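Okay, so here's the structure we're looking at.
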Protein chains: 2
Amino acid sequence: MTVGESLDFSHLYSEETKSRKSSPLKTCIHLFQDPNIVFLGGGLPLSKYFPWDNLQAESPLPPFPNGIGAAPSGDAKDTCVTTVPKDGVSKAGNTTDIPLSRALQYGFSMGQPELLSFVREHTQLVHKMQYKDWDVLATIGNTGSWESTLRIFCNRGDTILAEKYSFSSSVYAAEAQGVNVFPVPLDADGLIPERLEAILDNWNPETPKPKLLYTIPTGQNPTGSSLSDDRKKEIYRIAQKHDFIIIEDEPYYFLQMDAYEKDPSKRKAIKFASHDDFVNSLAKSFISLDTEGRVIRMDSFSKVLGPGTRLGWLVGSKKILKAYVQLHEMTIQNPSGFSQAIVAGTLNRWGQHGFLDWLIGLRQEYNEKRDVAMDALYKYVPSTPALSISPPIAGMFFTVNIDASAHPEFATKYQSKPELVEQAIYEKVISCGVLVVPGIWFKADGETTPPQPKESKAEPNPNGIFFRGTYAAVPLDKLQDGIKRFGAALKEEFGL
Amino acid sequence: MTVGESLDFSHLYSEETKSRKSSPLKTCIHLFQDPNIVFLGGGLPLSKYFPWDNLQAESPLPPFPNGIGAAPSGDAKDTCVTTVPKDGVSKAGNTTDIPLSRALQYGFSMGQPELLSFVREHTQLVHKMQYKDWDVLATIGNTGSWESTLRIFCNRGDTILAEKYSFSSSVYAAEAQGVNVFPVPLDADGLIPERLEAILDNWNPETPKPKLLYTIPTGQNPTGSSLSDDRKKEIYRIAQKHDFIIIEDEPYYFLQMDAYEKDPSKRKAIKFASHDDFVNSLAKSFISLDTEGRVIRMDSFSKVLGPGTRLGWLVGSKKILKAYVQLHEMTIQNPSGFSQAIVAGTLNRWGQHGFLDWLIGLRQEYNEKRDVAMDALYKYVPSTPALSISPPIAGMFFTVNIDASAHPEFATKYQSKPELVEQAIYEKVISCGVLVVPGIWFKADGETTPPQPKESKAEPNPNGIFFRGTYAAVPLDKLQDGIKRFGAALKEEFGL
């Protein structure tokens with residue numbers, strides 16, 4: 001297959017992006033490194049005045065034989081020590097560290113080269129990119145990346161597409177910018193392509209078509225669903241047909257698991273024969289299907305190393321990433337130099353295979369957490385048709401779906417309003433000493449006029465509500481205890 | 001004097017801020033710490049899976065007897081070692097460190113308490129705040145803070161006020177957002193209050209009045225001027241009269257110096273008898289004059305510790321900071337946990353006085369750099385009325401002002417256009433092996449219709465151009481060499 005160049009999507013840019021000028025100062029900052037030029041051009045403090053030297057951090061050592069949660073002892077046999085001096089060279093795997101004199105200086109809007117080269121290689125390894133001019137760009141995490149994406153593409157009054165239930169901060173960020181979030185139905189396998197296509201085929205020709213689809217394909221937040229590979233191909237085709245960009249927000253991508261098996265005796269944790277085996281087991285990403293630079297992938301270290309790194313990366317065409325760099329120069333400049341130095345220092349010492357070992361270890365941990373949560377849910381949530389559980393195959397979240405009309409006081413106390421039942425259950429679970437959150441918090445309820453045509457497919461139960469829980473945030477014993485309390489709350493509410 | 005509460009300035013907020021909702025998930029995140037609640041509410045990874053422990057960095061030890069540029073030897077007598085464990089308590093001065101299990105977790109949108117308490121105390125020490133409900137908020141530096149400020153207050157089509165020559169990235173950020181930057185004249189003492197007042201007194205009543213004044217009072221970028229304390233009082237009064245917010249962008253605040261003395265034999269570096277003496281020597285900030293929460297101060301560690309910390313803070317009223325927190329929750333979340341842990345760890349070990357020692361040391365360094373630059377300018381820039389130098393008393397920048405009409409080819413080759421002379425000189429200085437940047441790069445040339453009334457005061461020379469250089473970015477020998485090259489370029493251009 002011939003591998004081509006990305007297309008130009010600048011017709012989808014916002015007014016803001018179209019009018020953004022790069023600071024002329026940025027056009028001459030490369031002269032800082034030119035030995036023939038004395039640089040009196042920009043306010044760069046001398047690195048001599050940066051007070052820090054010999055930055056150091058300990059981490060466990062691949063292949064993490066005692067699991068990724070085992071603390072390093074400090075002993076060389078299980079401890080990886082990242083030491084980053086202020087100047088000069090220290091080795092990190094096949095590359096060198098980012099000296100602090102550079103990490104803590106201005107410059108490198110794309111991110112430090114030692115970080116980018118690791119992330120670029122990782123991306124190629126996992127996603128096997130299908131066009132030439134793709135690249136990666138360091139970010140401060142997906143929350144920031146999504147806000148930047150909205151600024152780059154959307155004007156006030158624009159509409160974007162999103163899963164009907166989606167991460168509320170993402171929805172609210174769009175709404176605050178005056179962007180309408182059009183909900184697209186989803187089920188246990190994620191976004192429904194036929195519904196998406198029907199929405200766009202019947203789009204009111206008098207209103208501008210959506211420029212973006214925002215999706216969390218893997219371990220969707222809040223529903224826990226994962227989009228199947230076949231549906232992704234369909235959605236990509238629809239994106240080409242209706243000329244929109246797909247934004248895949250993938251913080252949970254590496255929290256993919258075995259399918260849940262109810263009978264513990266039949267559970268066999270998948271053992272990967274090789275790193276390739278592991279990579280091949282992963283869901284195909286949208287970016288891996290992309291042949292024309294129509295997908296922007298938002299990746300983050302938040303869920304796999306730690307949220308406080310405030311470090312992530314974008315994958316996309318160089319053309320589009322240029323617009324992000326121009327925006328970053330006026331917003332974040334670049335992620336923290338300390339974060340870049342420590343994360344790149346650690347990853348380059350671990351190597352690509354070491355990082356995959358970490359991700360395999362993480363998968364095992366989440367697999368176990370998910371199993372413990374599911375076991376507890378099946379044990380403590382009363383078995384009745386009004387309450388249903390769909391075991392997730394990725395991510396941090398589970399949901400319990402509830403038919404509100406089955407509540408004994410639905411028609412009386414709650415006036416047949418499912419949202420009132422939802423609120424009552426929320427208060428009950430808190431009073432039982434557990435926090436799970438109502439699905440309504442995640443509802444993308446943007447303008448959908450003109451009304452979309454009715455689908456032949458049965459509409460979901462109009463009295464359906466759900467609660468989202470997570471197995472990520474607490475240890476296993478607390479998780480079981482929490483779900484027990486949740487079950488007790490449901491029993492009480494439904495008089496079971 | 002009775003100290004009062006801040007006023008409400010929400011009438012100045014943008015449409016975006018007025019419509020921004022906080023994510024409901026943020027309303028329950030505090031339950032993560034509640035011992036009576038099992039938290040299954042949010043996607044917080046267990047800190048057990050954060051791979052780092054024993055973060056460590058070395059810095060010099062106050063009072064920095066060998067100057068702030070002297071590297072720590074590693075020996076306890078001149079080396080401060082900041083060590084931050086993953087869990088548990090390590091002491092930093094009068095407080096404790098931010099354990100990595102917290103620094104690398106979600107939460108604390110305002111910033112980590114150990115950082116905020118240091119910055120709050122520092123702010124009170126330096127600015128002696130005059131109203132009750134002020135606070136500080138951790139940021140990723142002033143570039144990001146300014147962009148957030150624009151989002152919080154401005155709609156497309158709004159106008160803001162700024163110095164006629166200003167930091168180009170700040171101007172371009174506003175322009176990209178569709179915000180008109182109205183230039184206010186400035187001279188060697190900064191913004192001219194009479195001109196500002198005349199502009200506002202004569203404002204076209206049919207167009208909305210400016211909501212913001214953006215100013216860099218100390219070591220202004222690019223002119224190097226510093227706003228006098230008296231002018232600040234005047235400008236604050238005008239802000240009250242015309243109801244706008246003052247945004248003081250103060251990255252160079254602690255780079256204040258002695259007045260330049262041409263004769264080296266007469267130079268006496270000011271020695272401060274005490275830390276109080278040093279603090280009292282500093283220019284009065286706008287925030288120190290503020291009695292009603294009308295000022296937002298943007299402070300940053302970029303110029304005093306290192307740009308790559310990507311860490312700064314805002315000072316303002318709690319009411320207004322709340323709008324920033326809501327925006328941050330959808331953008332940056334919070335600054336890097338590594339940056340916060342290392343910076344707070346170091347500063348809390350140094351203590352308030354240790355940090356002031358650092359700033360006094362920094363002042364000495366910049367004082368010397370400024371002197372070397374001025375000496376070289378007076379030596380190498382040809383002495384002719386067409387070329388003038390005004391020695392700065394703060395910041396990183398010097399300017400050489402040029403009467404373009406004195407160029408021998410002004411009327412011929414350059415068709416009496418000063419901007420063509422400016423471009424020619426720029427190309428000449430580069431070819432002479434030095435980079436200084438043309439003033440035109442910094443010109444805020446927003447819409448000023450209807451034309452403002454002519455001032456009685458003489459207008460500046462319409463053929464006046466200038467170049468900005470910095471003494472910050474290179475060591476002293478290179479600085480002298482660069483200015484020599486700059487002088488040679490000017491000599492050649494002007495046929496002197």
Side-chain angles (χ1 to χ4, degrees), chain A residues 16 19-21 23-24 28 31 36-41 43-45 48 50-59 69 103-106 140 143-144 147 168-169 172-173 176 303 306-308 310 330-333 336-339 342 396 433-437 441 469-470 472-473 478 481-482, chain B residues 16 19-21 23-24 28 31 36-41 43-45 48 50-59 69 103-106 140 143-144 147 168-169 172-173 176 303 306-308 310 330-333 336-339 342 396 433-437 441 469-470 472-473 478 481-482:
Chain A
E16 186 175 311
S19 72
R20 192 183 308 283
K21 291 183 289 185
S23 167
C28 67
L31 294 175
N36 299 313
I37 296 276
V38 180
F39 185 85
L40 309 181
L44 285 75
K48 189 178 146 184
F50 304 163
W52 296 285
D53 201 349
N54 296 322
L55 180 68
Q56 187 172 316
E58 293 174 7
S59 64
L104 297 179
Q105 187 55 280
Y106 288 114
I140 55 168
T143 305
E147 208 250 359
S168 51
S169 287
Y172 288 6
K303 303 298 193 286
R310 296 287 82 221
M330 292 176 187
T331 53
I332 65 164
Q333 300 227 31
S336 155
F338 285 127
S339 286
I342 295 168
M396 295 181 151
V434 59
L435 179 68
V436 293
V437 296
W441 286 8
T470 180
K478 283 205 124 186
D481 187 34
Chain B
E16 186 174 313
S19 71
R20 192 183 307 283
K21 292 183 287 184
S23 166
C28 67
L31 294 175
N36 299 316
I37 296 278
V38 180
F39 184 86
L40 309 181
L44 283 74
K48 187 176 146 185
F50 304 162
W52 296 286
D53 200 348
N54 296 322
L55 181 66
Q56 186 172 316
E58 293 174 9
S59 64
L104 298 179
Q105 187 55 281
Y106 288 112
I140 54 165
T143 306
E147 208 251 359
S168 49
S169 287
Y172 289 6
K303 303 298 195 285
R310 296 288 82 220
M330 293 177 186
T331 54
I332 67 165
Q333 299 228 30
S336 154
F338 285 127
S339 286
I342 294 168
M396 295 182 152
V434 59
L435 180 70
V436 291
V437 297
W441 285 8
T470 180
K478 282 204 126 186
D481 187 34

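The model shown is predicted, which means the values in this text are computed figures rather than measured ones. In what follows, every chain begins at residue 1, and chains take the letters A, B, ... in the order their sequences are listed.
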> With only heavy atoms counted, which part of A/N36 is less than 4.5 Å from chain B, the side chain, the backbone, both or neither?
Replying inline: backbone
> Relative to chain B, which segment of A/L55 carries a heavy atom at a distance below 4.5 Å: side chain, backbone, both, or neither?
Replying inline: both
> What residue in A/G41, A/S19, A/S169 has the most heavy-atom pairs under 4.5 Å with chain B?
Replying inline: A/G41
> Counting heavy-atom pairs under 4.5 Å to chain B, which of A/L435, A/V436, A/T143, A/I342 comes out on top?
Replying inline: A/L435
> Just how far is it from atom CD of B/E58 to atom CG of A/N54, taken to the nearest 0.5 Å?
Replying inline: 4.5 Å
> If you round to the nearest 0.5 Å, how far is OG of B/S336 from CG of B/L104?
Replying inline: 8.0 Å
> When heavy-atom pairs shorter than 4.5 Å are enumerated against chain B, which of A/G337, A/A103, A/P45 gives the highest number?
Replying inline: A/P45
> Does the side chain of A/S23 reach to within under 4.5 Å of the side chain of B/W441, using non-hydrogen atoms?
Replying inline: no
> Can you name the nearest heavy-atom pair linking A/A57 to B/W52, along with the distance?
Replying inline: CB-CD1, 3.9 Å
> Under a 4.5 Å heavy-atom cutoff, which of B/F338, B/Y172, B/F50, B/F39 has the most pairs with chain A?
Replying inline: B/Y172
> Pick from A/G482, A/G306, A/A473: which one has the most heavy-atom pairs with chain B under 4.5 Å?
Replying inline: A/A473
>> What part of A/V437 gets within 4.5 angstrom of chain B, counting heavy atoms only: side chain, backbone, both, or neither?
In response: side chain
> Is it the backbone or the side chain of A/M330 that comes under 4.5 Å from a heavy atom of chain B, or both, or neither?
Replying inline: both
> Which heavy-atom pair separates A/A176 from B/R20 by the least distance, and what is that distance?
Replying inline: CB-NH1, 3.6 Å
> Is chain B contacted by the side chain of A/A173, its backbone, both, or neither, given a heavy-atom distance below 4.5 Å?
Replying inline: both
> Atom CE of A/M396 and atom CG of B/L40: how far apart are they, to the nearest 0.5 Å?
Replying inline: 13.0 Å
> Picking from B/G433, B/S59, B/S168, which has the most non-hydrogen pairs under 4.5 angstrom with chain A?
Replying inline: B/G433
>> Holding to side-chain contact (heavy atoms from CB on, under 4.5 Å), I want the full list of residues that pass it with A/I332, two or more places apart in sequence or in another chain.
In response: A/I140, A/H328, B/I140
